[in-house]
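Notes follow once the structure below has been shown.
Both backbone and side-chain heavy atoms feed into the values below; hydrogens, waters and symmetry mates do not. Values in this document were obtained by computation on a predicted structure and should not be read as measured data. A note on names: the letters A, B, ... follow the listed sequences, proteins ahead of strands, and every chain is numbered from 1.
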2 protein chains.
Amino acid sequence: MGISSTDLRRAGLFRGLTGCDLTGLLAVARPQQAAAGTTFFLADDQAARCYLLTAGYVKLVQAGLDGAEVVVRMVGPGEIFGWVAVMGGSCYPGTAEAVTDSAALAWDAEAVRRAILATPLLGLNALEAVGRRLREAQDRVRELATERAERRVARTLLRLADQAGTSTSGGVEIAIPVGRQLLADTAGATLHTVSRILAAWDHQGIIGGSRQRIILRQPDRLRALAEDDSEA
Amino acid sequence: MGISSTDLRRAGLFRGLTGCDLTGLLAVARPQQAAAGTTFFLADDQAARCYLLTAGYVKLVQAGLDGAEVVVRMVGPGEIFGWVAVMGGSCYPGTAEAVTDSAALAWDAEAVRRAILATPLLGLNALEAVGRRLREAQDRVRELATERAERRVARTLLRLADQAGTSTSGGVEIAIPVGRQLLADTAGATLHTVSRILAAWDHQGIIGGSRQRIILRQPDRLRALAEDDSEA
DNA sequence: CTTCGTCTTTGCGCCAGCGCAAATAGGAGA
DNA sequence: TCTCCTATTTGCGCTGGCGCAAAGACGAAG
């Protein structure tokens with residue numbers, strides 16, 4: 001479970017850093033835990049720290065006016081979160097809630113600024129990480145604007161499998177407890193629609209699983225649904 | 001029109017840099033122009049350069065599977081674009097098309113990496129700029145997932161006014177030629193729906209203008225439409 | 001002034017997906 | 001094993017907004 005200290009070197013954020021730099025960074029990091037269902041920070045909190053997830057899974061959630069929740073991003077081990085607000089010196093745009101018991105390393109905003117100024121490569125790595133996420137966010141904008149719910153759900157499942165997939169005999173299992181509601185919030189649909197879609201796929205043998213567990217039995221067909229223009 | 005060299009210092013990207021750093025950066029920048037309707041780069045081009053817009057307006061567009069276009073972002077003077085792909089060393093995720101005659105400064109990917117390593121503050125500034133955009137993109141994800149077309153259009157108009165608004169006697173005029181189609185692509189709706197909505201607002205005196213020109217006559221009412229839960 | 005092309009409006013039909021509500025089904029804990 | 005609680009399924013009606021198609025308006029060019 002989680003990633004070891006030596007694995008940190010392989011995390012994108014620290015790529016290319018010297019052992020010395022790494023030691024310094026770890027020295028000022030504060031380990032922090034969050035049990036499933038609890039939060040690292042809330043939306044509109046003053047952004048004081050940024051995080052690197054070392055174990056577990058965290059969902060970044062924004063609440064709409066009417067109480068609807070949107071999962072802006074699922075964070076897995078080795079990924080960073082909370083950096084955007086810290087750089088801008090503002091408030092967190094969303095809430096970071098642990099989906100499973102999670103652990104992270106936290107840095108104070110000022111410490112991060114200093115670290116980047118001292119180790120420019122860290123800034124470059126962070127820029128790349130944030131850039132990748134911007135790209136993902138833009139892709140989601142396009143998808144939400146142009147694609148139907150079914151396809152968005154397919155993409156969401158594939159993304160989750162990519163991020164937390166475990167190959168088993170029966171297919172790829174998603175190692176995060178994903179309920180229909182969470183899936184709906186992530187794909188930009190409603191609980192009901194997601195349930196209907198998954199039920200249909202279940203009957204077709206494309207997916208399987210039970211409560212909170214999803215297994216992709218035929219990832220290829222899902223991929224086809226997600227990308228093909230016409231359907232099988 | 002556009003921003004002068006001295007204004008660059010005030011552009012977020014260069015905040016806090018020394019005159020010396022700035023001079024060095026400008027020395028390796030290549031000025032580049034694009035007439036309205038032409039492009040700085042195309043989607044899936046190998047990302048070789050990143051840009052700082054000095055004059056005009058540029059839209060970043062992604063094409064959907066079915067030919068539908070989505071405007072991922074409108075870029076105004078002083079803003080940067082094309083940085084994400086350059087940092088990741090990949091292809092541009094979208095096309096950058098000039099909406100009006102535009103001018104920009106371009107840097108080679110490698111030059112930017114070197115500049116950031118040499119001037120870490122530049123990296124911090126870039127991180128902040130990209131972060132702000134990530135935040136905007138995430139906001140749009142939430143809006144597309146939870147809000148109705150009318151509200152999204154209202155928000156889009158307010159954003160454009162914020163970015164390129166000119167106060168006139170009759171209200172705030174958007175200084176970019178914005179057609180219904182462009183508005184639709186930006187708000188995540190269709191040409192028809194946008195036309196209907198704008199026609200209704202026109203009758204109510206909320207907006208005005210003619211072909212490709214939009215004037216916000218009562219920005220407050222638009223704001224109410226964009227943010228209020230109940231309507232007037 | 002006329003013509004042409006693009007942008008815009010508007011009517012009408014349709015359907016994906018939401019909203020409500022109620023029935024089920026699994027799991028976890030006692 | 002039994003019970004309770006939460007997750008999930010599913011029926012049904014409704015509607016926002018898309019899709020098509022055609023007409024109308026404005027500007028630019030000649």
Side-chain angles (χ1 to χ4, degrees), chain A residues 35-37 59 64-70 99-101 143-157 174 176-204 207-215 225 229 231, chain B residues 35-37 64-70 99-100 143-157 174 176-204 207-215 225 229 231:
Chain A
K59 62 175 179 182
L65 300 167
D66 49 355
E69 282 197 343
V70 175
V99 175
T100 63
D101 292 346
E143 289 166 18
L144 283 167
T146 65
E147 292 173 359
R148 307 205 170 276
E150 184 180 44
R151 182 165 296 179
R152 296 202 305 269
V153 173
R155 272 193 215 275
T156 304
L157 284 181
I174 294 174
I176 316 176
V178 181
R180 300 291 185 268
Q181 183 66 58
L182 177 57
L183 205 50
D185 292 342
T186 309
T190 58
L191 168 67
H192 313 283
T193 301
V194 168
S195 180
R196 277 180 253 270
I197 292 172
L198 290 199
W201 287 346
D202 196 349
H203 293 151
Q204 294 175 48
I207 64 165
S210 59
R211 165 185 277 230
Q212 308 259 58
R213 278 180 49 236
I214 298 179
I215 299 174
L225 284 169
D229 216 346
E231 284 157 33
Chain B
L65 300 165
D66 49 357
E69 281 197 344
V70 175
V99 175
T100 63
E143 290 166 19
L144 283 167
T146 65
E147 292 173 0
R148 308 210 168 280
E150 185 180 45
R151 181 165 296 179
R152 296 203 304 269
V153 173
R155 271 193 216 277
T156 304
L157 285 181
I174 295 174
I176 317 175
V178 181
R180 299 290 185 267
Q181 183 67 57
L182 177 56
L183 204 50
D185 292 342
T186 309
T190 59
L191 167 66
H192 312 283
T193 300
V194 168
S195 181
R196 276 180 253 270
I197 292 173
L198 290 199
W201 287 346
D202 197 348
H203 293 152
Q204 296 175 48
I207 64 165
S210 59
R211 164 185 279 231
Q212 307 259 57
R213 277 181 49 237
I214 298 179
I215 299 174
L225 284 168
D229 215 345
E231 284 156 36

List every contact pair, protein side and nucleotides 10-14 of chain D side both N or O, where the distance is under 3.5 Å.
unit_1, atom_1, unit_2, atom_2, d
dT10(D), O4, His192(A), ND1, 3.2
dG11(D), N7, Arg196(A), NH1, 3.4

Find the distance [X]:[atom1] to [N]:[atom2] and express it as a whole number of Å.
| X | N | atom1 | atom2 | result |
| --- | --- | --- | --- | --- |
| Ile197(B) | dT10(C) | CD1 | C1' | 14 Å |
| Trp201(A) | dT9(D) | CH2 | P | 13 Å |
| Arg213(B) | dC7(C) | CZ | C1' | 15 Å |
| Arg151(B) | dG17(D) | CZ | C1' | 16 Å |
| Gln212(A) | dT6(D) | CD | P | 12 Å |

Quick check on DNA chain D: between Leu198(A) and Arg148(A), whose nearest nucleotide comes earlier from the 5' end?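 Whichever sits nearer the 5' end wins; that is Leu198(A).
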Nearest heavy atoms of [X] and [Y], plus distance in Å:
| X | Y | answer |
| --- | --- | --- |
| Leu191(A) | Arg180(A) | CD1-CB, 3.4 Å |
| Ala187(A) | Thr156(A) | CB-OG1, 3.4 Å |
| Ala145(B) | Gly188(A) | CB-CA, 4.1 Å |
| Ala189(A) | Val194(A) | CB-CG2, 4.2 Å |

Protein proximity profile, nucleotides 25-30 of chain D - base contact B, sugar-phosphate-only contact S, no contact -, cut-off 4.0 Å on heavy atoms: BB----
Please answer whether the main-chain N or O of Ile174(B) pairs with a side-chain N or O of Arg213(B) as donor and acceptor at a distance below 3.5 Å.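 It does not hold such a pair.
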Which residue lies more 5' along DNA chain C, comparing Glu147(A) with Asp202(B) via nearest heavy atoms: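 Per heavy-atom nearest nucleotide, the more 5' residue is Asp202(B).
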For DNA chain C, which residues in residues 180-188 of chain B have a heavy atom at a distance below 4.0 Å? Arg180(B)
